[in-house]
Colleague: 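One structure is given below, represented as structure tokens, and several questions about it will come after.
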Amino acid sequence: MDVAAMMDELAEAMEDGGREDSACFRTEPLTHLLERRLDWDRRAEPARQSFAPQGGALGDHSVVILHAKVAQKSYGNEKRFFCPPPCVYIGGNIWRLMHDLLRAGTCGPDGGVRGYMCVDSAAQTHSDAYKLNFETLPNTTGMLACAKSLFISDADKRKHFRLQLGLFLDANGERQEVGSFHSRLIKVISKPSQKRQSMKNADLCISACSRIALFNRLRSQTVSTRYLAVEGGAFVASARRWTAFTITLVEEHRAEHQGDFVLSEGFVCYGSVVQLVCTESGLTLPPMVIRKVNKQHAILCVDEPVSQLHKCALEMRDTPQAFLAVSNDAIVLHQATWSPRESGRVLLNDGSCWTVTGAEVVEFAFRPGHDSFAARIRMPVTPFPNVTGLELNGGGHVATLEVEGENLGPHLQVCFGQQRADTIFKSIKSLVCVVPDVCALHGGGVRCGALTVPITLRRLCDGVLYSTAFSFTYTPEPERLPPPINEGARSTRGRDGAPPEDDALLESIHHEFTRTNFHLFMQP
């Protein structure tokens, strides 16, 4: 059975049994930490930044690349593998169904969804790239793979680079490309900076409300690396996968009326009270004081900014000298002791010393068109259009919307929800479209109140829809009373005081032109 036939069979399977919505990567609130019960199941919604694939609907597909912001350069024959390793999540029923169907067919155990990752422009063939082995995640429709052996050598003189991901469908040696996806820019560093950071090196500082990753490595051994993660509703030390956390600065005092913590902005400095919010589940660790680590000691009097790949320790704010620590695969609290030699320092164990690094997430979400399943997969979905801004011009029936971004082209059409708009191609960075009448979105019905619709891009050749982070809102103006009629105008009215047909038509056009305001906003 070839790939096209398998995909047609998959389409039938999807229509029959794949219509259940999925809550990918969701976990229940955590209320305890091993033996010690703590009140840290509160969710910090303002700081939550969910990135995990939510492709529960049959037509929704998502590809998420999760990686660190910085990478250490390798010198000579050494290989400093990226840590934490870049991860790829693919979400949506289609990926798992396709993977299972291809593997169950005549393609053998090596068939299914395949991926390759490399440093951009460094690998020209798949043999030079890292082969990704996707595993299904329990209780979800998502799949995960990690690139554990990627590194950048000193022969590469770039200060920044991107990761390149290639996805394919593989069956009977026949390979069909899904697309080629790129990560965000990664900064190359030689080693962690030991100097106090300034605004000149702001990109090396950890900012409040940014994403971070934490890992622990006993005795500098790579095989002993454990990543702070959330699995099954619990905080764990995982050797397989890692979780991105949003780090938030917390004021020392509580809000007067809400009984909650007050968040603030700026760079994270040692001695600050922080909270870590899981970007996948929203689970939150209790308030902790971040401390600088030097030679197995936590220094309590340092207030300099936290930098990339620094060693740090996390002390419970409400339990002095209790530090977040790793014990095998579990997260525990370690009770530190005062240093007998130096004041202002406490002695830590190996499990209490964490390495912190910034994390980046880039997501590609799309939905296949309505034509045959095999045809829409045979054409790669990349280059992926990236919308960065919208600009509205005019109003009423003559309103136009300019879509700004990258990888735009004449093959794309702007859509307001399900309504397609007349679109003109200006450049690879700009599309202009006519804003559809709000009545078209209501099927010609009467509209009441504001209406918000997502902005998507549709590929004309096969109907693939590309998601964007923007929405468009139609907001009606309040009804206005008619202006008073002066004596001169009365003579133009008929016997019953009604305006002539021409005047009524003009008034109707004017009202339709001015009755609607438009608002653009980016979804959080």
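Treat the numbers as computed from the prediction; the structure is a model and nothing was measured.
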Colleague: Heavy-atom distance under 4.5 Å between the side chains of Leu451 and Thr473, does that happen here?
Modeller: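 A side-chain contact is absent here, since even the closest heavy-atom pair is not under 4.5 Å.
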Colleague: Does a side-chain heavy-atom distance below 4.5 Å link Val361 with Thr279?
Modeller: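 In short, these two side chains do not touch, never coming nearer than 4.5 Å.
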Colleague: Can you tell me how the ring of Phe384 sits relative to the ring of Phe366, calling it parallel under 30°, perpendicular over 60° and tilted otherwise?
Modeller: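 It falls in the perpendicular class, over 60°.
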Colleague: Give, for atom CG of Leu347 and atom NZ of Lys295, the distance between the pair rounded to the nearest 0.5 Å.
Modeller: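 Rounded to the nearest 0.5 Å, the CG-NZ separation comes to 14.0 Å.
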Colleague: Taking Gly358's backbone N and O only, do any of them form a donor-acceptor pair with Gln308's side chain (distance below 3.5 Å, no angle check)?
Modeller: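 Yes, the answer is positive, given that a donor and an acceptor are paired below the 3.5 Å cut-off.
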Colleague: Checking the side chain of Asp329 only, and the main-chain atoms of Ser238 only, is there a donor and an acceptor separated by less than 3.5 Å?
Modeller: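 Not at all, since once roles are kept as given, no pair shorter than 3.5 Å links the two residues.
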Colleague: Taking the side chain as C-beta and beyond, is there a heavy-atom pair between His310 and Tyr270 under 4.5 Å?
Modeller: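 A side-chain contact under 4.5 Å exists here.
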Colleague: Any side-chain heavy atom of Thr355 within less than 4.5 Å of one from Asn216?
Modeller: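 Side chain of Thr355 against side chain of Asn216, heavy atoms only: no contact under 4.5 Å found.
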Colleague: May I ask you to decide if Gly282's main-chain N or O and Thr284's side chain share a donor-acceptor pair within less than 3.5 Å?
Modeller: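 The answer is yes, because a donor-acceptor pair under 3.5 Å joins these two groups.
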Colleague: For the side-chain contact (heavy atoms from CB on, under 4.5 Å) test, which of Met316, Gln275, Glu315 pairs with Met288?
Modeller: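 Exactly one option meets the side-chain contact (heavy atoms from CB on, under 4.5 Å) with Met288, and it is Met316.
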Colleague: List the atom of Val356, the atom of Ser307, and the distance in Å for their closest heavy-atom pair.
Modeller: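 Minimum heavy-atom contact is CG1-O, 4.0 Å.
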Colleague: Measure from the side-chain N and O atoms of Thr243 to the backbone N and O of Val230, and report whether any donor-acceptor pair falls under 3.5 Å.
Modeller: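 Yes, the answer is positive, given that a donor and an acceptor are paired below the 3.5 Å cut-off.
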Colleague: Checking Arg162 side chain against Ser183 main chain: does a donor-acceptor pair fall under 3.5 Å?
Modeller: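 The answer is yes, because a donor-acceptor pair under 3.5 Å joins these two groups.
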Colleague: Hey, can you tell me if Phe181 and Phe364 have their rings parallel, tilted or perpendicular (30° and 60° cut-offs)?
Modeller: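 Because their plane-to-plane angle lies in the 30° to 60° range, the rings of Phe181 and Phe364 count as tilted.
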Colleague: Taking all non-hydrogen atoms of both residues, which atom of Lys79 and which atom of Phe151 are closest, and how far apart?
Modeller: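 Distance-wise, the nearest heavy atoms are CD-CE2, 3.7 Å.
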Colleague: May I ask you to test the Ile455-Ser471 pair for a side-chain heavy-atom distance under 4.5 Å?
Modeller: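 A side-chain contact under 4.5 Å is absent here.
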Colleague: Mind checking the CG-NZ spacing from Asn133 to Lys148? Nearest 0.5 Å is all I need.
Modeller: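 Between Asn133 CG and Lys148 NZ, I get 9.5 Å after rounding to 0.5 Å.
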Colleague: Roughly how far apart are Cys433 SG and Leu412 CG, rounded to 0.5 Å?
Modeller: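 Atom-to-atom, Cys433:SG and Leu412:CG are 12.0 Å apart.
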Colleague: Would you call Leu214 and Leu314 a side-chain contact if the rule is heavy atoms closer than 4.5 Å?
Modeller: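 Heavy-atom side-chain distance check passes, below 4.5 Å.
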Colleague: Tell me, do Ile212 and Leu276 make a side-chain contact under 4.5 Å, heavy atoms counted?
Modeller: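 Ile212 reaches Leu276 side chain to side chain.
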Colleague: What distance do Lys311 atom NZ and Cys353 atom SG have between them, rounded to the nearest 0.5 Å?
Modeller: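 The distance works out to 6.5 Å.
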Colleague: Specify the closest pair of heavy atoms between Ala68 and Ile186, including all atoms of both residues, with the distance to one decimal.
Modeller: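 Shortest heavy-atom contact: O-CG1, 3.8 Å.
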Colleague: Give the minimum heavy-atom separation between Ser430 and Leu408, together with the two atoms involved.
Modeller: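 Result for this residue pair: N-CD1, 3.5 Å.
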Colleague: Heavy-atom distance under 4.5 Å between the side chains of Pro454 and Phe416, does that happen here?
Modeller: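 No, too far: nothing below the 4.5 Å cut-off.
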Colleague: Does Trp354 reach the main-chain N or O of Tyr227 with its side chain, forming a donor-acceptor pair under 3.5 Å?
Modeller: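 Not at all, since once roles are kept as given, no pair shorter than 3.5 Å links the two residues.
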Colleague: In this structure, is the centre-to-centre distance between the rings of Tyr474 and Phe472 below 6.0 Å?
Modeller: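 Ring-ring flag for Phe472/Tyr474: true, centres closer than 6.0 Å.
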Colleague: Does the pair Arg80/Asp154 count as a salt bridge with the N-to-O cut at 4.0 Å?
Modeller: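 Here Arg80 does not pair with Asp154 in a salt bridge, since their nearest N and O are not under 4.0 Å apart.
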Colleague: Near Leu185 CG, under 6.0 Å, is it more than 12 heavy atoms from other residues, nucleotides or ligands?
Modeller: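 Yes, CG of Leu185 has more than 12 neighbouring heavy atoms, counting only those of other groups under 6.0 Å.
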Colleague: What verdict does the side chain to side chain contact (heavy atoms under 4.5 Å, CB included) test give for Val119 and Arg158, after you've listed the backbone C-alpha separation in whole Å, the side-chain angles of each residue and the deciding distance to 0.1 Å?
Modeller: CA-CA 11 Å; Val119 175; Arg158 291 177 295 176; 3.3 Å; yes
Colleague: Can we say Glu280 and Arg241 salt-bridge, meaning some charged N sits less than 4.0 Å from an Asp/Glu carboxylate O?
Modeller: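 Yes, Glu280 and Arg241 are salt-bridged.
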Colleague: Any chance you could measure Arg459, atom CZ, to Tyr466, atom OH, to the nearest 0.5 Å?
Modeller: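 Between atom CZ of Arg459 and atom OH of Tyr466 there are 3.5 Å.
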Colleague: List the atom of Trp338, the atom of Gln321, and the distance in Å for their closest heavy-atom pair.
Modeller: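 Scanning both residues, the minimum pair turns out to be NE1-OE1, 2.9 Å.
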Colleague: Ignoring hydrogens and angles, tell me if any N or O in the side chain of Asn349 forms a donor-acceptor pair with the backbone of Ser352 under 3.5 Å.
Modeller: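 Looks like yes, one N/O pair under 3.5 Å.
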Colleague: Is the backbone of Cys278 close enough, under 3.5 Å, to the side chain of Ser281 for a donor and an acceptor to pair up by distance?
Modeller: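 It does not hold such a pair.
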Colleague: Determine whether Ser62 and Tyr89 satisfy the following criterion, side chain to side chain donor-acceptor pair (under 3.5 Å), listing intermediate values before the conclusion.
Modeller: CA-CA 8 Å; Ser62 59; Tyr89 295 86; over 6 Å; no
Colleague: Just by distance, do the side chain of Ser327 and the backbone of Val332 share a donor-acceptor pair under 3.5 Å?
Modeller: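 No.
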Colleague: Hey, what do you get for CZ (Arg291) to CG (Asn294), rounding to the nearest 0.5 Å?
Modeller: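 Spacing of CZ (Arg291) from CG (Asn294) equals 15.0 Å.
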Colleague: One pair to check against side chain to side chain contact (heavy atoms under 4.5 Å, CB included): Leu309 and Ile189. What are the steps and the verdict?
Modeller: CA-CA 10 Å; Leu309 297 180; Ile189 63 175; 3.6 Å; yes
Colleague: Please test His182 against Leu163 for side chain to side chain contact (heavy atoms under 4.5 Å, CB included), starting from the C-alpha separation and ending with a verdict.
Modeller: CA-CA 6 Å; His182 288 83; Leu163 297 173; over 6 Å; no
Colleague: What is the minimum heavy-atom distance between Leu150 and Cys118, and which atoms define it?
Modeller: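 Where Leu150 meets Cys118 most closely, the heavy atoms are CD2-CA, 4.2 Å.
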Colleague: Might you work through the side chain to side chain contact (heavy atoms under 4.5 Å, CB included) test for Leu249 and Val274, ending with a clear yes or no?
Modeller: CA-CA 5 Å; Leu249 282 175; Val274 300; 3.9 Å; yes
Colleague: Can you tell me if Trp242 uses its side chain to pair, donor with acceptor, with the backbone of Pro85 under 3.5 Å?
Modeller: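 Yes: the side chain of Trp242 pairs with the backbone of Pro85.
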